[in-house]
Number of protein chains: 2
Amino acid sequence: MGKTLSDRCESRMSVGSLPIWMTMISPTASARLDARPLYQQVETVLIDRIASGAWPPGHSIPSEPDLAAELGVSQGTVRKALTELERRNLIERRQGRGTTVLRHTGDTARFHFFRLRDLDGTAVVSRIVVLSCTPGEADAAEAAGLKLPEGTPIYRLRRLRTVDGVASIFERCTLVAERLPGFHLPQGELSTELYVHLQRAHGVTIEHAEEDLSAQAAGPEESQVLGLPPGKPLLMVQRVAFDIARRVVEHRISLIDTERYRYAVRLD
Amino acid sequence: MGKTLSDRCESRMSVGSLPIWMTMISPTASARLDARPLYQQVETVLIDRIASGAWPPGHSIPSEPDLAAELGVSQGTVRKALTELERRNLIERRQGRGTTVLRHTGDTARFHFFRLRDLDGTAVVSRIVVLSCTPGEADAAEAAGLKLPEGTPIYRLRRLRTVDGVASIFERCTLVAERLPGFHLPQGELSTELYVHLQRAHGVTIEHAEEDLSAQAAGPEESQVLGLPPGKPLLMVQRVAFDIARRVVEHRISLIDTERYRYAVRLD
DNA sequence: AAGTGGTCTAGACCACGAC
DNA sequence: TCGTGGTCTAGACCACTTA
């Protein structure tokens, strides 16, 4: 085959109106270059619609037959693309109801990005207190963590997580300002999950994150905040979080007292 | 449909010989009870053939059209089942060459189950020294880790991993004897990956593992083995490993000096 | 040239949910 | 009742490997 979505669309332009996605792709440039399978091209189109905000979180997207007709491909091809989006936790499909763009709730955000578990394996609930939130420019260490140049505008966020009333996690977050125009934290809701807020207030959906774990002795700042003796072994988690377009949004260093809780991982 | 694989087979029994999988399923019991989708039933059949050793690691399995004909389903249904097996890292498909049962190599075992990375993200190579290997019965702690009753026959394995000549990881492994009849370690190859050996010598394929991470101060045994000051923060990884049939095979406690290396995780 | 898995299509029927 | 996604089929053509 080797045909491109735009080829198929051009042959239909006389009948229908210009599809949204064509406004984002240069027709001349994409004419021959995109030799990827059709279902991957469909995938890209759908992701662009979600990432651009055309289909915001919670939006019901067109049915599979409608999408197939609009894009000039078969329903099977659309299904294959949607299956991949579902695997990436970008959409939710339900028989009889239709397909919607996933909206981060506290539960889903925690399920995917909060790996702390009780000793018997049950999920842990934590309360969050924001200690400080200030704009600034990335220093050497922060720039290295974000893999962005030094001096990049950022926001610095310090948080404390409390489990069962016990201060257990100290978090230093570094947020990329460019991704979050007009960033501010709601004063009242200190316990809001950060990623839920980023999606609701800035339209930024965190899709995946990479974490590096190590053991670290408690330094002066964290031993004071967590109320622990200096030198006590803590679990240090360094996270880099990416949005749907796989751009860096956040770097976070969490220091965790694992006396009563464990960080759970599944390996396949 | 709601039809069962055995229904479809019965209608073909007059022409072909009895398929392998029918010998493992009671025809009467499975006649009405298995209301799962066909592709999942096919999946089960194929997994059984792999788990039973009928298709050992490295074996080239029949082509998709052949499997479809044998099982009385369409090629698309077989493809869907194979796609899931591929996702679970049980098989490898290559265009033009065919499909083979995955054989653990040192590389694949490390890639899936060894999460340690250099500070710049490159994979770490380690040499293994076996300190001891003795049979015994599970004590309370070991039984809890394996989620098996106390007194279950086990093998205890102590290993030391060296990275760049520096002792970095001390491992206490507990292996379920029932899964590994006649278990012994090859004397010469101290650096063999355990999971490669389990597959080659005992036909046991480790498919996935669950790990709990915490920070722990070095105790007397590990500080001596690793040559570290007592009380130094170490990363403690408690792993439970499962075979293809999702039965527990191993419990392992690793104590890691994360001075120069990191445990890497990807969250989706 | 023959056979493999990979892509794509068209259409049937089913299970579920909303109206 | 209707429209949705889920399952299953049959068959075409392509890309790749092997002989």
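Both backbone and side-chain heavy atoms feed into the values below; hydrogens, waters and symmetry mates do not. Keep in mind that this is a model prediction, so the values were computed, not measured. Convention: sequence-line order gives letters A, B, ...; per-chain numbering from 1.
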Practice prompt. Give the nucleotide from the list D:dT9, C:dT4, C:dG6 with an atom nearest to the side chain of B:Ser74.
Written response: D:dT9
Worksheet, complete the sentence: Side-chain contact check for A:Leu38: nearest option of D:dC8, C:dG6, C:dC8 is C:dC8
Discussion item. Are the side chains of A:Thr205 and A:Val101 in contact, using a 4.5 Å heavy-atom criterion?
Written reply: no
Worksheet item: Atom CD of A:Gln40 and atom C1' of C:dC8: how far apart are they, to the nearest Å?
Response: 14 Å
Worksheet item: Tell me: CD of A:Glu86 to P of D:dG6, nearest whole Å?
Response: 6 Å
Worksheet item: Given D:dC8, is OP1 or OP2 found less than 4.0 Å from the side-chain N or O atoms of B:Lys80?
Response: no
Worksheet item: CD of A:Glu64 versus C1' of D:dG3: gap in Å, rounded?
Response: 12 Å
Discussion item. Is it the case that the side chains of A:Thr105 and A:Asp107 hold a donor-acceptor pair, with the cut-off being a distance below 3.5 Å and no angle test?
Written reply: no
Discussion item. Here's a test of your reading of the structure: between B:Arg79 and A:Arg97, which maps to the more 5' nucleotide of DNA chain C?
Written reply: B:Arg79
Worksheet entry | Minimum-distance nucleotide (side-chain atoms of A:Thr99 versus D:dG5, C:dT9, C:dG5) | D:dG5
Worksheet item: Roughly how many Å is it from CZ in B:Arg94 to C1' in D:dT17, rounded to a whole number?
Response: 10 Å
Worksheet item: When you look at A:Glu210 and B:Arg115, which way does the salt bridge (Lys or Arg N to Asp or Glu O under 4.0 Å) test go after all the steps?
Response: CA-CA 12 Å; A:Glu210 294 167 6; B:Arg115 305 304 312 159; over 6 Å; no
Worksheet item: Counting side-chain heavy atoms from C-beta on, which of D:dT7, C:dG6, D:dG6 comes nearest to B:Pro37?
Response: D:dT7
Worksheet item: If only side-chain N and O atoms of B:Arg93 are considered, is one of them under 4.0 Å from the OP1 or OP2 phosphate oxygen of C:dG6?
Response: yes
Worksheet item: Counting side-chain heavy atoms from C-beta on, which of D:dT9, D:dG5, C:dG5 comes nearest to B:Ser63?
Response: C:dG5
Item to complete: May I ask you to say whether B:Arg117 pairs ionically with A:Glu211, meaning some side-chain N is under 4.0 Å from a carboxylate O?
Response: no
Worksheet item: A:Tyr39 side chain N/O closer than 4.0 Å to the phosphate oxygens (OP1, OP2) of C:dC8?
Response: no
Discussion item. Without decimals, in angstroms, what is the distance between B:Leu67 CG and C:dG3 P?
Written reply: 17 Å
Discussion item. Measure CG/A:Leu71 against C1'/C:dC8 and give the value in whole Å, please.
Written reply: 14 Å
Worksheet item: Hey, is the side chain of B:Thr77 poking within less than 4.0 Å of OP1 or OP2 on D:dC8, counting only N and O atoms?
Response: no
Practice prompt. Verify the distance criterion only: is there a donor paired with an acceptor across the side chains of A:Arg93 and A:Thr83 at less than 3.5 Å?
Written response: yes
Worksheet, complete the sentence: Per nearest nucleotide of DNA chain C, the residue lying toward the 5' end, B:Gln75 or A:Gly76, is B:Gln75
Worksheet item: Rounding to a whole Å, what distance do you find between B:Glu84:CD and D:dT7:P?
Response: 12 Å
Worksheet item: Atom CD1 of B:Ile61 to atom P of C:dG3: distance rounded to whole Å?
Response: 18 Å
